[in-house]
Amino acid sequence: MRVGVPKEIKMQEYRVGLTPGAVREYVAAGHKVTVETGAGDGIGASDEVYRRAGATIAENARDIFAKADIIVKVKEPQKSEWSQLRENQILFTYLHLAPDPEQTRGLLASGCTAIAYETVTDASGHLPLLAPMSEVAGRLAIEAAGAALRRSAGGRGVLLGGVPGVQPARVVVLGGGVVGTQAARMAAGLGAEVTVIDRSIPRLRELDDLFIGRVRTRFSTIESVEEEVFAADVVIGAVLVPGASAPKLVTRKMLGSMRPGSVLVDVAIDQGGCFETSRPTTHADPTYEVDGIVHYCVANMPGAVPVTSSQALNNATLPFGLQLAKNGFAAVLENQHLRNGLNVYRGRITNKAVAESLGLPFSPTEGLAA
Ligand SMILES: NC(=O)C1=CN([C@@H]2O[C@H](COP(=O)(O)OP(=O)(O)OC[C@H]3O[C@@H](n4cnc5c(N)ncnc54)[C@H](O)[C@@H]3O)[C@@H](O)[C@H]2O)C=CC1
Ligand SMILES: CC(=O)C(=O)O
Ligand SMILES: [Mg+2]
């Protein structure tokens, strides 16, 4: 199979779809890998390093999109990319289609087969290709919150962990999955007072066992969210309904009952965000203020630490990518977990939550043939 890796072009995105180590695995399995020149710059991997790993270097993205059977990326394709995708080409990357009708239309029109990392499942029902980036983003969320809380950045001027004799910040985490757990762990480690809210009681039990009293847990209701958010210095938005747009748990009206300079970090922004006032921001200009509350809504947080993130992402994507490279679309038919990742197939939306969020027709994957 011809595997193509274009350079990421989303603003300040420094990750790369295949690390040199992953390229070696594809090449060892008999595949031909082409990498766009400079694709590894963000992780310090030169074209020469990729050549030594067995890749061919292409001078531009056009050559990659024109020739590859499978395109392996990190971020959702930008307009100039989706317009180059073709029928019979497999795209393997994050897509986050639910809040993005324009990209969805582009992928449908291209006729390509698009597998979204964020909806690929594993045997325990988790999301193994989202998890590593959620681990990174959850940990980064607390770093971002700490920076945004500084008075010089427009925040309340509170130190997350306080100091002896002075109370620490109150951090509320909405959604106790992968992002939420890592955020809670970092915040608790710094000495903050942490509450995690989730709608899954089994998950709250696991968190209670994990943090042995260091983190409070609460069941998600309108009342519990209000009580915790009103008292918080920092709220981390980390809820997910796989494939679907994020539920809006914090309304604009609620901001009026928070203390000015408190910070909202909406990690769930890539699924549309769980605060009504969220809109995507970039690493170049990550925060803005609404009604005195600082918002941080960067949609590609792990892109800030590309060395760690590319490695972690490749560890998770490699076995699935190798299956796709070996068997092409048949791998999607054979492997239920890759099939769950199929979002778009030859002009049809094949993920129910995505179709429902966009109000577009859904085509089940049952009955698809190679
Ligand atoms: N901005 C960024 O750069 C990144 C964003 N993300 C995003 O972060 C979000 C969270 O991802 P994960 O932690 O991996 O998901 P997850 O599936 O591990 O956890 C989500 C949690 O939200 C809970 N939940 C769902 N609805 C809820 C509600 N109404 N109230 C309370 N809890 C609710 C679920 O029970 C679950 O425990 C996703 O949207 C993901 O795409 C992940 C990585 C990077
Ligand atoms: C999950 C995701 O959107 C990211 O890592 O950028
Ligand atoms: Mg994202």
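We count ligands from 1, going down the list as the structure has it; atoms in each ligand are counted the same way. This structure is a prediction, so every number in the text was calculated from the model and none was measured.
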* To do: Any chance you could lay out the salt bridge (Lys or Arg N to Asp or Glu O under 4.0 Å) test for Arg216 and Glu193, step after step, and finish with the verdict?
  => CA-CA 8 Å; Arg216 294 164 62 228; Glu193 213 178 282; 5.3 Å; no
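- Contacts between Glu118 and ligand 2, counted as non-hydrogen atom pairs separated by less than 4.0 Å, are absent for every part of the residue.
- Contacts between Glu13 and ligand 2 below 4.0 angstrom, taking non-hydrogen atoms only, are absent altogether.
- Some N or O of Asp198 is nearer than 3.5 Å to an N or O of ligand 1, by distance alone.
- Note: His295 and Tyr288 have parallel aromatic rings, judged against thresholds of 30 and 60 degrees for the angle between ring planes.
- Remark: ligand 2 atoms within the under-4.0 Å shell around heavy atoms of Lys75 are 2 (C), 3 (O), 4 (C), 6 (O).
- Look at Glu118 and you'll find every heavy atom at least 4.0 Å from all atoms of ligand 1.
- Considering both main-chain and side-chain atoms, Asp266 never comes within under 3.5 Å of ligand 1 through any nitrogen or oxygen pair.
- Within the listing of ligand 2, atoms 6 (O) sit less than 4.0 angstrom from a heavy atom of Asn300.
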* To do: Go through the steps for Val171 and Thr195 under the test side-chain contact (heavy atoms from CB on, under 4.5 Å), then give the verdict.
  => CA-CA 6 Å; Val171 176; Thr195 302; over 6 Å; no
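- Taking every heavy atom of Gln271 and a limit of under 4.0 angstrom, the matching atoms of ligand 1 come to 39 (O).
- The shell of residues lying under 4.0 angstrom from ligand 1, judged by heavy atoms, excludes Ala131.
- Side-chain polar atoms of Asp270 and His96 form a donor-acceptor pair below 3.5 angstrom.
- Heavy-atom contacts of Leu130 reach the following atoms of ligand 2: 1 (C) (cutoff under 4.0 Å).
- In terms of heavy atoms, Phe219 sits closest to Ser224 at O-OG, 2.7 Å.
- Of the listed residues (Asn300, Val239, Ile269), the one carrying the non-hydrogen atom nearest atom 9 (C) of ligand 1 is Val239.
- For ligand 1 and Leu249, the ligand atoms under 4.0 Å from any heavy atom of the residue are 29 (N), 30 (N).
- When atom types are taken as modelled, the side chain of Arg86 and the backbone of Ser110 share no donor-acceptor pair closer than 3.5 angstrom.
- With hydrogens and angles left out, the side-chain atoms of Asn300 and Arg15 include no donor and acceptor closer than 3.5 Å.
- A heavy-atom separation below 4.0 Å is found between Asp270 and ligand 1.
- Within the 4.5 Å cutoff, no side-chain heavy atoms of Leu174 are placed close to those of Ser220.
- Distances between N or O atoms of Ala268 and those of ligand 1 include no value under 3.5 Å.
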* So Leu338 and Leu342, side-chain contact (heavy atoms from CB on, under 4.5 Å) or not? Walk me through it. -> CA-CA 7 Å; Leu338 269 177; Leu342 188 67; over 6 Å; no
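- Residue Pro302 approaches ligand 2 through these ligand atoms, each under 4.0 Å from one of its heavy atoms: 5 (O).
- With values rounded to the nearest 0.5 angstrom, Ser134 atom OG is found 10.0 Å from Glu118 atom CD.
- Listed by number with element, the atoms of ligand 2 under 4.0 Å from a non-hydrogen atom of Asp270 are 1 (C), 2 (C), 3 (O).
- Residue-to-ligand polar distances place His96 within reach of ligand 2: an N/O pair is separated by less than 3.5 Å.
- Interface atoms of ligand 1 facing Ala299, defined by a heavy-atom separation under 4.0 Å, are 1 (N), 2 (C), 3 (O).
- At a 3.5 angstrom cut-off on N or O pairs, Arg199 counts as close to ligand 1.
- Between Ala137 and ligand 2 there is no heavy-atom distance shorter than 4.0 Å.
- Put simply, part of His96 is less than 4.0 Å from ligand 1, judged by heavy atoms.
- Considering only non-hydrogen atoms, atom 19 (O) of ligand 1 lies nearest to Gly177 out of Gly177, Ser309, Pro99.
- Taking every heavy atom of Ala299 and a limit of under 4.0 angstrom, the matching atoms of ligand 2 come to 3 (O), 6 (O).
- Exactly one residue among Leu240, Val179, Val178 makes a side chain to side chain contact (heavy atoms under 4.5 Å, CB included) with Leu130. That residue is Leu240.
- Using bins of under 30°, 30° to 60° and over 60° for the plane-to-plane angle, the ring pair Tyr117/Tyr94 lands in the perpendicular bin.
- Between Leu174 and ligand 1, no pair of N/O atoms sits closer than 3.5 Å.
- In this structure, Ser262 contributes its side chain and Ala232 its backbone to a donor-acceptor pair below 3.5 Å.
- Ligand 2 is never approached by Met301 to a heavy-atom distance shorter than 4.0 Å.
- Annotation: Leu130 places no N or O atom under 3.5 Å from an N or O atom of ligand 1; distance criterion only.
- Around CZ of Arg339, the count of heavy atoms belonging to other residues, nucleotides or ligands within 6.0 Å exceeds 12.
- Side-chain contact between Val239 and Leu249: present, with at least one pair of heavy atoms (C-beta onward) separated by less than 4.5 Å.
- Near Met133, with a cut-off below 4.0 Å to any heavy atom, the atoms of ligand 2 are 5 (O).
- Neither the backbone nor the side chain of Ser309 comes within contact range of ligand 2; no heavy atom lies under 4.0 Å.
- With a 4.0 Å heavy-atom cut-off, ligand 2 is reached by no atom of Val136.
- Panel note: side chain Thr350, backbone Asn343; a donor-acceptor pair is recorded below 3.5 Å.
- For the pair Ile236/Asp266, no side-chain contact is recorded, criterion being any heavy-atom separation below 4.5 Å from C-beta on.
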